[in-house]
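As structure tokens, the structure follows; a few thoughts come after it.
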Amino acid sequence: SIYELREATYLRAVSVSDARGRATFTTIIPGCYMGRFPHIHAEVYPSLGKATDYRNRVLTSQLAIPADVCKAVYNSAPAYKASIAAFARSPLERDGIFMDNTPKQLAAQTLAMTKEPDGSYRGSVTIGPQVTA
């Protein structure tokens with residue numbers, strides 16, 4: 001039900017990109033667990049048909065959620081109560097996956113997010129080369 005989705009702090013999704021290589025997801029801010037900065041896993045496959053076998057992946061990565069967004073969401077929604085303490089003890093700089101990256105790499109791996117008038121957030125990230133005509 002919609003209520004259950006609002007109370008969830010983790011999800012899975014699959015999307016197919018359009019002709020320009022863009023994919024869109026509607027999701028939630030992931031909950032935080034001890035030792036990891038809040039993130040979303042992302043995998044890229046050459047086609048939907050090949051997405052059923054992990055061996056066909058062309059990219060596996062993780063995308064960080066901006067810290068200010070995490071704080072705002074975790075402190076405003078009861079479903080994230082356990083995330084508040086985990087987040088305080090799991091800064092991006094000490095995350096075992098992200099900590100070896102340069103500031104420029106971290107910026108590229110962090111979603112750019114804006115708050116919408118309805119209170120939701122919109123995020124975007126470019127994965128792979130950005131080609132302009």
ask   = Do the side chain of Asp95 and the main chain of Met99 share a donor and acceptor less than 3.5 angstrom apart?
value = no

request  = State plainly whether one hydrophobic cluster holds both Leu59 and Tyr54, where clusters connect Ile, Leu, Val, Met, Phe, Trp and Tyr through side-chain heavy atoms under 4.5 angstrom apart.
outcome  = no

inquiry  = Please report the interatomic distance CD(Glu93) to CZ(Phe98), rounded to the nearest 0.5 Å.
reply    = 11.5 Å

ask   = Side chain of Tyr80, backbone of Ile29: donor and acceptor closer than 3.5 Å?
value = yes

note = Heavy-atom nearest pair, Met113 first then Pro66, reads SD-CD, 3.4 Å

ask   = Passes side chain to side chain contact (heavy atoms under 4.5 Å, CB included), Gln109 versus Gln62? Steps please.
value = CA-CA 7 Å; Gln109 295 173 55; Gln62 295 181 35; 5.8 Å; no

request  = Please answer whether the main-chain N or O of Cys32 pairs with a side-chain N or O of Ser83 as donor and acceptor at a distance below 3.5 Å.
outcome  = yes

query = In Å and rounded to the nearest 0.5 Å, what is the CG to NZ distance from Asn75 to Lys81?
reply = 12.5 Å

inquiry  = Is any side-chain heavy atom of Ile40 closer than 4.5 Å to one of Leu111?
reply    = yes

Salt bridge Glu43-Arg57, side-chain N to carboxylate O under 4.0 Å = no

inquiry  = Check for me, please, whether Val125 and Ile28 land in the same ILVMFWY cluster - side-chain distances under 4.5 Å, paths through other members count.
reply    = yes

task = Mind listing the closest non-hydrogen atom pair of Ile65 and Thr110 along with its distance?
result = C-CG2, 4.4 Å

ask   = Are Ile84 and Tyr121 connected, step by step, through hydrophobic side chains (Ile, Leu, Val, Met, Phe, Trp, Tyr) whose heavy atoms are closer than 4.5 Å?
value = yes

key: Whether Phe87 and Phe37 hold their rings parallel, tilted or perpendicular, with breakpoints at 30° and 60°   = tilted

Flag, side chain of Ser90 to backbone of Ala86, donor-acceptor distance under 3.5 Å = yes

ask   = Can we say Arg55 and Asp53 salt-bridge, meaning some charged N sits less than 4.0 Å from an Asp/Glu carboxylate O?
value = yes

task = Can you see which heavy atom on Tyr33 is nearest to which on His39, and at what distance?
result = OH-CE1, 3.3 Å

key: Co-membership, hydrophobic cluster, residues Ile127 and Val58, 4.5 Å side-chain   = yes

